[in-house]
Amino acid sequence: MSPVDPIYPSSKTNEHSDLAMERLKQVVDRYKADYAANYREFRCEESAVPAAKIFEMDTDKLAPVLLPDALRLHLRLGKAIPIETERLVFRTESRYVLKNASGKELARGESMITESNQGGSRVIYCAASRSMLVDETLSGAGDMSRRIAFVPDLEEKNQEMGDEVAWRVFYVHVPLRQDIGEGHIGHILSISKGKIYVETDGVFYAFPIKEFVESKLEFSVG
């Protein structure tokens, strides 16, 4: 058998490929510019981002996340509650439960995870403000993420806890930046004094939680 000569792309093929790549780059650049313009008012300097630590939650063993200030965050799994069966839309009975050193419950928020190893969860904690953001992802197609802010209300005391401050829980919509295919959220860096700090395309933003509250907790899987 005679050897087969390698086939190299023609210059015309290379030109078409380069043109396609340039068009894709232009689309992405436009998405970046649109995001920067839409959220210009929330920009901040990198130096304004408060320090925070990230804690990974073990959704297999379900061990509590041990946080500074003697706080603990537990994930209590519950069952999925069908809202629209045909469209596979659900809520759940699963809850993140925040407790203090003596085991008293301070606050709770609804999780999408109903089984071990069904998803992942990390906690972004800012010690200076004692605020935390649960960044949860659910495996599979559909609405894949949820962000839950646990924020101490320094102006209100919990009557049952004496000097312990009350806590508020917010479900937060962090702005999505469009991209080729699916959009994406930038790097969530910190949470403090009612704001979530995010870096997107090298630009830093401080999004006020109360302006980006997510009221819809139904999610779809498929």
Side-chain angles (χ1 to χ4, degrees), residues 9 13-57 59 84 87-92 109-113 117-126 131-149 170-192 194-222:
T13 301
N14 285 333
E15 289 176 5
H16 282 301
S17 179
D18 291 343
L19 181 59
M21 291 298 294
E22 180 59 30
R23 287 175 176 171
L24 287 176
K25 182 179 181 301
Q26 290 175 1
V27 171
V28 173
D29 287 345
R30 185 170 70 249
Y31 287 152
K32 291 180 179 180
D34 289 344
Y35 185 97
N38 290 338
Y39 300 107
R40 184 183 304 274
E41 64 179 297
F42 303 113
R43 288 188 184 181
C44 69
E45 297 297 325
E46 181 178 7
S47 58
V49 179
K53 290 184 177 181
I54 296 177
F55 300 84
E56 298 290 339
M57 173 168 280
T59 56
E84 295 182 40
R87 294 180 53 221
L88 298 177
V89 176
F90 299 90
R91 288 190 62 177
T92 81
E110 183 176 328
S111 167
M112 297 186 296
I113 299 172
N117 280 333
Q118 188 186 38
S121 182
R122 63 181 189 142
V123 182
I124 301 166
Y125 185 81
C126 175
S131 301
M132 71 193 74
L133 184 73
V134 177
D135 187 12
E136 179 182 76
T137 58
L138 188 66
S139 303
D143 300 328
M144 299 285 290
S145 61
R146 173 172 292 174
R147 288 157 193 93
I148 310 170
F170 299 91
Y171 301 88
V172 186
H173 165 69
V174 178
L176 188 75
R177 202 268 277 163
Q178 282 188 285
D179 205 344
I180 302 297
E182 297 183 359
H184 72 275
I185 289 173
H187 301 290
I188 300 176
L189 304 174
S190 188
I191 174 173
S192 181
K195 295 181 179 181
I196 294 176
Y197 293 82
V198 181
E199 178 268 314
T200 305
D201 301 322
V203 180
F204 295 86
Y205 299 87
F207 294 116
I209 291 174
K210 292 185 178 181
E211 292 189 35
F212 292 90
V213 172
E214 178 67 75
S215 59
K216 181 181 177 181
L217 297 184
E218 296 86 358
F219 64 96
S220 59
V221 296

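Just so you know, residue 1 is the first one in the sequence shown, and it goes up from there.
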Heavy-atom donor-acceptor pair, [X] side chain to [Y] backbone, under 3.5 Å:
X      : Y      : answer
Arg146 : Glu110 : yes
Thr59  : Gly119 : yes
Thr92  : Ser111 : yes
Ser139 : Gln118 : yes

Surrounding [atom1] of [X] (heavy atoms of other residues, nucleotides or ligands, distance under 6.0 Å), is the total greater than 12?
X      : atom1 : answer
His184 : NE2   : yes
Glu46  : CD    : no
Glu45  : CD    : no
Arg43  : CZ    : yes

Using 0.5 Å steps for rounding, measure from the [atom1] atom of [X] to the [atom2] atom of [Y].
X      : Y      : atom1 : atom2 : value
Ile124 : Leu189 : CD1   : CG    : 8.0 Å
Ser131 : Ile196 : OG    : CD1   : 10.0 Å
Arg87  : Glu218 : CZ    : CD    : 9.5 Å
Leu176 : Thr200 : CG    : OG1   : 9.5 Å

Exercise for review: Give the ring-plane orientation class for Phe90 versus Phe219, where under 30° counts as parallel, over 60° as perpendicular and anything between as tilted.
Suggested key: tilted
Give the minimum heavy-atom separation between [X] and [Y], together with the two atoms involved.
X      : Y      : answer
Tyr31  : Arg177 : O-CD, 4.0 Å
Val134 : Ser121 : CG1-OG, 3.5 Å
Glu214 : Leu217 : O-CD2, 4.5 Å
Met112 : Glu136 : N-OE1, 2.9 Å
Arg122 : Ile54  : NH1-CD1, 3.2 Å
Pro50  : Ser190 : O-OG, 3.0 Å

Exercise for review: Would you check if Asp135 and Arg147 make a side-chain contact, meaning some heavy-atom pair closer than 4.5 Å?
Suggested key: yes
Review point. ring-ring contact (aromatic ring centres under 6.0 Å, His included) with Phe42: which residues, sequence neighbours excluded?
Key: Phe207, Phe212
Revision key, fill the gap. For Tyr35, the ring-ring contact (aromatic ring centres under 6.0 Å, His included) test, sequence neighbours excluded, returns Tyr39, Tyr205
**Study point:** Which residues share a salt bridge (charged side-chain N to carboxylate O under 4.0 Å, His left out) with Arg30, sequence neighbours left out
**Key:** none
Check your understanding: Taking it one step at a time, do Ile209 and Ile191 satisfy side chain to side chain contact (heavy atoms under 4.5 Å, CB included)?
Key -> CA-CA 9 Å; Ile209 291 174; Ile191 174 173; 3.9 Å; yes
Exercise for review: Check the pair Ser220, Leu88 against side chain to side chain contact (heavy atoms under 4.5 Å, CB included), reporting the backbone distance first and the verdict last.
Suggested key: CA-CA 6 Å; Ser220 59; Leu88 298 177; 5.6 Å; no
